[in-house]
Amino acid sequence: MQTRKKYIFLTFLASWLLLFFFGGDQLRRFAFFSRRKVEARRNWPHWTDRSLLKSFADPEELLSDGDPSLPSPRERQAARLSVYKNSRCRMETCFDFSRCEKHGFKVFTYPRERDQPLSESYSKILTSIERSRYYTPNPEEACLFILSIDTLDRDHLSGQYVRNVDEKIRSFPLWNGGRNHLIFNLYSGTWPNYTEDLGFDIGQAILAKASFYTESFRPGFDISIPLFSKDHPQRGGEKGWLYQDSIPPKKKYLLVFKGKRYLTGIGSGTRNALHHIHNGKDIISLTTCKHGKDWEKHKDTRCDKDNVDYEKFDYQELLHNSTFCIVPRGRRLGSFRFLEALQAACIPVLLSNGWELPFAEAIDWGKAAVVGNERLLLQIPSAVRCIHPERVLAFQQQTQFLWDAYFSSVDKIVHTTLEIIKDRLLPHRSRSRFLWNTLPGGLLALPDFSTHPGDFPFYYLQHGSSPSEKFTAFIRAVSPGGAPSQPLLRLIQAVSRSQYCAQIVVLWSCEKPPPPSEKWPQSTVPVTIIQGREKLSDRFFPYAAIQTDAVLSLDEHTSLSTSEVDFAFVVWRSFPERIVGFPTRSHFWDPEQRRWGYTSKWTNELSIVLTAAAFYHRYYHNLFTEYLPAGLRELVDGLAACEDILMNVLVAAVTKLPPIKVTQRKQHKETVSQQ
């Protein structure tokens with residue numbers, strides 16, 4: 001038995017020795033491949049393993065995974081740190097709130113140097129600030145400072161690049177390391193990397209910048225603004241393209257793009273892939289290589305065909321007739337195409353990874369744009385096809401609201417920037433996102449009046465609320481004598497008998513002081529006398545004496561009965577955002593005089609309700625005094641007329657609605673000739 005065990009053991013040992021000496025190489029290769037399969041499952045693909053896959057390129061080129069001219073993540077981070085040395089800045093750490101306590105939110109612009117050229121765009125920005133209600137020429141009163149040095153274009157290859165900015169700003173005694181300063185920028189970096197290098201240290205200044213990377217953006221401190229052209233209007237701006245007759249929302253094309261294609265460098269990857277979604281039917285995606293000085297040196301096999309197809313379609317026609325517009329990144333993250341799509345009611349489909357969208361602190365872009373992913377381009381067509389028509393229409397309406405409220409002019413872009421900063425100073429009195437994203441928008445919802453939507457006349461319907469059930473009669477008296485006139489006394493008696501009248505406020509706009517209380521008639525409601533000034537615009541000042549939502553604006557010589565007042569007030573409560581009144585006018589264009597005029601002729605059309613006998617919400621007193629440019633109020637005071645026209649224009653601009661006329665048994669008497 002022992003001999004048999006020894007025989008079996010020796011046979012087994014000899015077999016292993018023979019296998020090791022004659023087949024060891026195969027075993028080692030088998031073990032190697034088994035281990036490689038496990039690693040491949042964990043780390044696939046591992047393109048640099050030359051023993052498994054023959055390499056047709058250098059490993060360094062493969063590891064770069066793209067254009068070798070593009071900066072690596074480490075290089076981008078180094079560039080950011082060179083610009084944003086105070087990358088942890090927040091309002092609490094890099095902003096001096098004490099400068100804003102005494103005089104409130106005032107903005108000072110540095111004096112412009114004669115030998116320092118300004119671009120057209122930066123000149124518009126400074127003009128917008130200097131015309132705003134926050135501007136002050138006194139730096140001692142200022143809460144925020146704006147440089148007179150043009151920092152919009154920081155591409156050192158540009159002709160508008162300003163050199164030695166660091167030296168210049170350090171010489172300013174108010175610079176203080178950038179604290180309480182606001183810097184505007186549209187273009188940063190240069191070919192080929194287009195980093196966010198501005199060429200100077202911004203210190204602790206707030207940066208209002210276009211094409212902002214989220215990695216560089218300091219939340220609650222910096223502000224992302226849109227990229228706009230030098231031709232962008234200073235004031236007003238063109239209207240959006242969505243009209244009532246454009247329903248249903250479905251248009252000729254579903255998705256369009258027409259623009260440059262970059263053959264090399266940053267931004268080329270996304271635009272080079274856009275041709276994959278073009279079907280020539282409802283999706284039009286056209287690119288051209290024909291731009292730049294040496295495009296022919298880099299052109300590929302698609303360039304000639306792309307250039308021919310590119311000329312077959314008109315860009316404006318595509319914007320007008322498409323539901324969605326692709327807005328891919330260019331050399332930088334933002335492009336002019338973004339604002340063009342908003343104006344055209346062409347829903348932007350954003351393909352710009354890492355872009356901090358303009359005013360995203362206040363604006364909810366999820367209601368107006370489709371934010372896509374550059375790496376998932378082929379999924380975009382199916383994604384937009386799945387959007388329900390009702391939601392498409394809601395998207396289109398929101399693009400028009402945002403365009404008109406915040407982007408249609410340089411004034412609106414600059415004022416939105418300032419209002420966002422102002423909201424940060426008093427967070428408890430800042431506007432909610434509801435106010436920013438609902439008509440008429442944050443610029444027209446003044447937080448000094450209220451931050452609750454239910455207090456504004458244009459949000460009653462959305463909140464299911466209604467204005468107060470009483471009104472204040474606000475009468476402007478201009479009697480030359482020292483006693484109230486008979487028409488004024490009769491008017492007070494008629495209005496005071498209204499069941500809805502809560503109080504009567506008389507604005508005594510005369511040189512002589514108002515008469516004593518015994519000279520005024522006995523009334524069932526309190527009568528308050530306010531000594532006014534000679535300025536005509538004072539009739540729309542937000543007087544604290546007015547306690548009700550509704551204001552019945554009256555002139556001294558207006559003749560109304562109590563029943564007429566009651567009827568007009570009931571109508572106004574159904575339309576609290578509008579002006580509701582009796583005497584009307586119509587404006588028209590006079591081709592001979594080449595100017596606007598208005599007439600009192602009775603026609604089937606009206607556009608103005610005179611405030612000599614009209615109801616409106618008291619909030620419009622705040623807008624008239626605080627929102628309107630001072631120049632317009634000064635014009636009214638200089639003419640000593642037309643204040644009712646200005647109020648009508650203001651309310652129409654806010655609500656996009658006309659006034660409402662109510663009938664009157666007695667005719668309105670005019671003592672002042674119309675100008």
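The first residue in the sequence is number 1, and the count goes up from there. Predicted model, so just to flag it, every value in this text is computed and none were measured. Hydrogens, waters and symmetry mates play no part in the numbers below; they use all other heavy atoms, side chains included.
- Under the salt bridge (charged side-chain N to carboxylate O under 4.0 Å, His left out) criterion, no residue pair touches residues 135-153, with sequence neighbours excluded.
- Residue Phe624 is tested with Tyr619, Phe540, Phe449 for a ring pair (Phe, Tyr, Trp, His ring centres under 6.0 Å); the sole match is Phe540.
- With a 4.5 Å cut-off on side-chain heavy atoms, Ser123 and Leu126 do not count as touching.
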List the steps and the verdict of side chain to side chain contact (heavy atoms under 4.5 Å, CB included) for Val651 and Asn648.
CA-CA 5 Å; Val651 176; Asn648 274 263; over 6 Å; no
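- Between Thr399 and Ala345, the shortest heavy-atom distance links the atoms OG1-CA, 3.5 Å.
- When only modelled atom types and interatomic distance are considered, Arg539 and Ser553 share a side-chain donor-acceptor pair under 3.5 Å.
- For Asn437 (side chain) and Ile363 (main-chain N/O), no donor-acceptor pair under 3.5 Å exists by modelled atom type.
- By the 4.5 Å heavy-atom criterion applied to side chains, Leu425 and Met91 are counted as neighbours.
- Residues meeting the side-chain hydrogen bond (donor to acceptor under 3.5 Å, both in side chains) test with Lys656, sequence neighbours left out: Asp404.
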Residues Ser148, Glu113; criterion side-chain hydrogen bond (donor to acceptor under 3.5 Å, both in side chains); working and verdict:
CA-CA 8 Å; Ser148 61; Glu113 301 177 7; 5.2 Å; no
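- Between Phe221 and Phe95, the distance separating the two ring centers is not shorter than 6.0 angstrom.
- In terms of heavy-atom proximity, Ser409 sits nearest to Gly237 at CB-N, 4.4 Å.
- Using a cut-off of 4.0 Å between Lys/Arg side-chain N and Asp/Glu carboxylate O, Asp423 and Arg429 are scored as not salt-bridged.
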Please test Glu577 against Tyr616 for side chain to side chain contact (heavy atoms under 4.5 Å, CB included), starting from the C-alpha separation and ending with a verdict.
CA-CA 7 Å; Glu577 75 280 16; Tyr616 53 80; over 6 Å; no
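- For the residue pair Gln160/Ser119, the side-chain donor-acceptor check at 3.5 Å is not satisfied.
- For the pair Arg154 and Tyr161, the distance from NZ or CZ to the six-membered ring centre is under 6.0 Å and the angle to the ring normal is within 45 degrees.
- Checked against the 6.0 Å centroid criterion, the rings of Phe338 and Trp365 qualify as a close aromatic pair.
- A heavy-atom distance below 4.5 Å is not found between the side chains of Leu152 and Tyr187.
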Where do Lys168 and Gln116 land on the side-chain hydrogen bond (donor to acceptor under 3.5 Å, both in side chains) test, with the steps shown first?
CA-CA 11 Å; Lys168 294 177 180 179; Gln116 183 66 59; 2.9 Å; yes
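- Taking every heavy atom of both residues into account, Arg329 and Thr270 meet most closely at CG-OG1, 4.4 Å.
- Remark: the Lys209 side chain and the Ser188 side chain contain an N/O donor-acceptor pair separated by less than 3.5 Å.
- Applying the side chain to side chain contact (heavy atoms under 4.5 Å, CB included) criterion to Lys230, with sequence neighbours excluded, gives Glu120, Ser121.
- The side-chain hydrogen bond (donor to acceptor under 3.5 Å, both in side chains) search around Ser408 returns Lys412, not counting sequence neighbours.
- Remark: His452 engages Ser450, Asp455 in a side chain to side chain contact (heavy atoms under 4.5 Å, CB included) (not counting sequence neighbours).
- In this structure the side chain of Asn185 never reaches within 4.5 angstrom of the side chain of Phe212, judged on heavy atoms.
- Residue pairs meeting the salt bridge (charged side-chain N to carboxylate O under 4.0 Å, His left out) criterion with at least one partner in residues 616-625, sequence neighbours excluded, are Asp549-Arg618.
- For the side chain to side chain contact (heavy atoms under 4.5 Å, CB included) test, residues two or more places apart in sequence or in another chain that qualify with Ala210 are Leu186, Ile225, Leu227.
- Within the model, atoms CE of Met647 and NE2 of His621 stand 5.0 Å from one another, a figure rounded to the nearest 0.5 Å.
- The salt bridge (charged side-chain N to carboxylate O under 4.0 Å, His left out) search around Glu419 returns Arg133, Arg431, not counting sequence neighbours.
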Go through Phe172 and Tyr110 one step at a time and tell me if the ring-ring contact (aromatic ring centres under 6.0 Å, His included) criterion holds.
CA-CA 9 Å; Phe172 295 149; Tyr110 281 67; 4.9 Å; yes
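- Ring pair His232/Phe228 is tilted by interplanar angle, where 30° to 60° counts as tilted.
- Among pairs with a residue in residues 123-144, those fulfilling ring-ring contact (aromatic ring centres under 6.0 Å, His included) read Phe105-Tyr134, at least two apart in sequence or across chains.
- No salt bridge links Asp201 with Arg170; every basic N to acidic carboxylate O contact stays at or beyond 4.0 Å.
- Checked by atom type and distance alone, the side chain of Gln204 never pairs as donor or acceptor with a backbone atom of Gly177 at under 3.5 Å.
- Val370 places none of its side-chain heavy atoms less than 4.5 Å from the side chain of Leu350.
- The salt bridge (charged side-chain N to carboxylate O under 4.0 Å, His left out) analysis of residues 92-103, with sequence neighbours excluded, yields no pairs.
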Apply the test side chain to side chain contact (heavy atoms under 4.5 Å, CB included) to residues Arg88 and Thr93: give CA-CA distance (whole Å), side-chain angles for both, the deciding distance (0.1 Å), then the verdict.
CA-CA 9 Å; Arg88 296 185 179 180; Thr93 58; over 6 Å; no
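- With sequence neighbours left out, the side chain to side chain contact (heavy atoms under 4.5 Å, CB included) criterion links Gln462 to Phe434, Thr438, Tyr459.
- Proximity of Leu351 to Val327: side-chain heavy atoms (C-beta onward) are nowhere separated by under 4.5 Å.
- Side-chain contact between Leu623 and Leu628 is absent, with no heavy atoms from C-beta onward closer than 4.5 Å.
- Here the side chain of Glu634 pairs no donor or acceptor atom with the backbone of Pro629 at under 3.5 angstrom.
- Nearest heavy atoms, Ser132 versus Leu418: OG-CD1, 4.3 Å.
- Contact of the Thr451 side chain with the Ser430 side chain is not registered, since no non-hydrogen atoms from C-beta on lie closer than 4.5 Å.
- Nearest heavy atoms, Pro348 versus Leu342: CG-CD2, 4.1 Å.
- For residues 343-364, the pairs satisfying side chain to side chain donor-acceptor pair (under 3.5 Å) are Glu238-Gln343, Asn353-Asn373, Glu361-Arg424, with sequence neighbours left out.
- Residues Gly330 and Arg271 come closest through the heavy atom pair CA-NH2, 3.8 Å.
- The aromatic ring centres of Tyr406 and Trp436 sit less than 6.0 Å apart.
- Taken from CG in Leu650 to OH in Tyr620, the straight-line distance is 8.0 Å, to the nearest 0.5 Å.
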Test log, rule ring-ring contact (aromatic ring centres under 6.0 Å, His included), inputs Trp175 and Phe145:
CA-CA 9 Å; Trp175 175 244; Phe145 299 87; 10.0 Å; no
